[in-house]
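Note that the coordinates shown come from a computational prediction; the quantities given were computed from them, not determined experimentally.
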Amino acid sequence: GYALAQKAIQQNVSVVATSQNAEKLVTLEQEGICSHQLILPFENSDQHYPVFDCEVLIICITPQFRQGKKDYPDKIKQLVLAAQQGAVKRIVLISTTAAYEGLSGEVDEQSELCLEDEKVSLINKAEQYVLAFSDNSIVLRCAGLVGPNRHPGKFFNADRRLKSANAFVNLVHQYDVVELLLLLSKANI
């Protein structure tokens, strides 16, 4: 989100950023990025957040499955409901190719997901909340985001075991994702 906000500001695009982390808010404000703390799940669903006054809401939060959390769909649902009450016309969810877990070979958006896998089911549920928001909503499944401060080697640390040494690895550069998101946010709503 930070790289996207920086690039949007450079292009004179109005940005309202959020973070759960107060320290990140300070960094955002120092960069001239309007930012507000938004902690999920909401404790007070009646509280107004300026981010929902924007026409386009880009959601890029991690599911935190590795930390044992399973509330990702609930968080996304809260954001969608708040967007419905605000001025938001399009939601773009940065999701994950983990939705394809359990599949092999060539897969795409039409591939039937292995919903009996809990992680896949949770991701799919969150994505469906966004897609139900409007015909204008988009789910972008990214994997292996690399770029400044995102070295691909960190995906393969000593604690991580791969099922196959010959497995394919998907990587996408942060620059390309940011450019795509800017195009999607500017497309006719």
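Looking at residues two or more places apart in sequence or on another chain, you find no ring pair (Phe, Tyr, Trp, His ring centres under 6.0 Å) involving Tyr175.
The CD1 atom of Ile91 lies 7.5 Å from the CG atom of Leu79; values are rounded to the nearest 0.5 Å. Atom CG of Leu93 is separated from atom SG of Cys60 by 9.0 Å, given to the nearest 0.5 angstrom. Atoms CD1 and CD, from Ile9 and Glu31 in turn, are 9.5 Å apart once rounded to the nearest 0.5 Å. The CG atom of Asp176 lies 10.0 Å from the SG atom of Cys142; values are rounded to the nearest 0.5 Å. Note that CG of Leu184 is 7.5 Å distant from CD1 of Ile58, once rounded to the nearest 0.5 Å. Note: Lys119 NZ to Glu101 CD = 4.0 Å, rounded to the nearest 0.5 Å.
In this structure, Tyr100 is not a member of the same hydrophobic cluster as Val177, with clusters built from ILVMFWY side-chain heavy atoms closer than 4.5 Å. In the hydrophobic cluster analysis, where Ile, Leu, Val, Met, Phe, Trp and Tyr join through side-chain heavy atoms closer than 4.5 angstrom, Val16 is grouped together with Ile61. Val178 is not connected to Ile33 by any chain of hydrophobic side-chain contacts under 4.5 Å among Ile, Leu, Val, Met, Phe, Trp and Tyr, and they are in different clusters. In terms of hydrophobic clustering, with Ile, Leu, Val, Met, Phe, Trp and Tyr side chains grouped at heavy-atom distances under 4.5 Å, Ile94 and Tyr2 are assigned to different clusters. With hydrophobic clusters built from ILVMFWY side chains whose heavy atoms lie under 4.5 angstrom apart, Tyr129 shares a cluster with Leu38.
Here the side chains of Leu122 and Lys70 are in contact, with some heavy-atom distance below 4.5 Å. Within the 4.5 Å cutoff, the side chain of Ile59 has no heavy atoms near those of the Val92 side chain. Residues Leu182 and Gln11 are in side-chain contact: their nearest non-hydrogen atoms beyond the backbone lie under 4.5 Å apart. The side-chain heavy atoms of Gln6 and Val15, taken from C-beta on, include no pair separated by under 4.5 Å.
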Hey, mind stepping through Arg90 and Leu57 against side chain to side chain contact (heavy atoms under 4.5 Å, CB included) and telling me if it holds?
CA-CA 6 Å; Arg90 171 182 290 150; Leu57 175 65; over 6 Å; no
Steps toward side chain to side chain contact (heavy atoms under 4.5 Å, CB included) verdict (Leu103, Cys114):
CA-CA 7 Å; Leu103 303 179; Cys114 297; 3.6 Å; yes
Walk me through whether Gln174 and Lys7 qualify under side chain to side chain donor-acceptor pair (under 3.5 Å).
CA-CA 11 Å; Gln174 183 182 61; Lys7 184 71 172 186; over 6 Å; no
Leu140 vs Ser95, test: side chain to side chain contact (heavy atoms under 4.5 Å, CB included). Steps then yes/no.
CA-CA 6 Å; Leu140 182 63; Ser95 190; over 6 Å; no
Run the side chain to side chain contact (heavy atoms under 4.5 Å, CB included) test on Ile76 and Val80 for me, step by step, so that the C-alpha distance in whole Å, both residues' side-chain angles and the decisive distance to 0.1 Å come before the verdict.
CA-CA 6 Å; Ile76 299 300; Val80 169; 4.3 Å; yes
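Between the Glu127 side chain and the Val139 main chain, no donor and acceptor come within less than 3.5 Å of each other. Within the 3.5 Å criterion, the main-chain N or O of Ile39 finds no donor-acceptor partner in the side chain of Gln20. In this structure a side-chain-to-backbone donor-acceptor pair under 3.5 Å is missing from Asp71 to Asp74. For the pair Gln78 (side chain) and Phe42 (backbone), a donor-acceptor distance under 3.5 Å is present.
What you find for Val56 and Ser185 is that their closest heavy atoms are CG2-O, 3.7 Å. Closest approach of Gly147 to His173, counting heavy atoms only: CA-NE2, 3.7 Å. Taking every heavy atom of both residues into account, Ala143 and Val172 meet most closely at O-CG1, 3.3 Å. Listed here is the closest heavy atom pair of Ser104 and Val107: O-CG1, 4.4 Å. Contact detail for Pro50 and His36: the closest heavy-atom pair is CG-NE2, 3.4 Å.
Lys77 and Gln128 form no side-chain donor-acceptor contact under 3.5 Å, judged by distance and modelled atom types alone.
Between Tyr72 and Phe65, the ring-plane angle classifies as perpendicular under the 30° and 60° cut-offs.
Counting non-hydrogen atoms of neighbouring residues, nucleotides and ligands closer than 6.0 angstrom, the CD atom of Gln67 exceeds 12 such neighbours. Surrounding CD of Glu23 are at most 12 heavy atoms belonging to other residues, nucleotides or ligands under 6.0 Å away.
With salt bridges taken as basic N to acidic carboxylate O contacts below 4.0 Å, none links Arg141 and Glu109.
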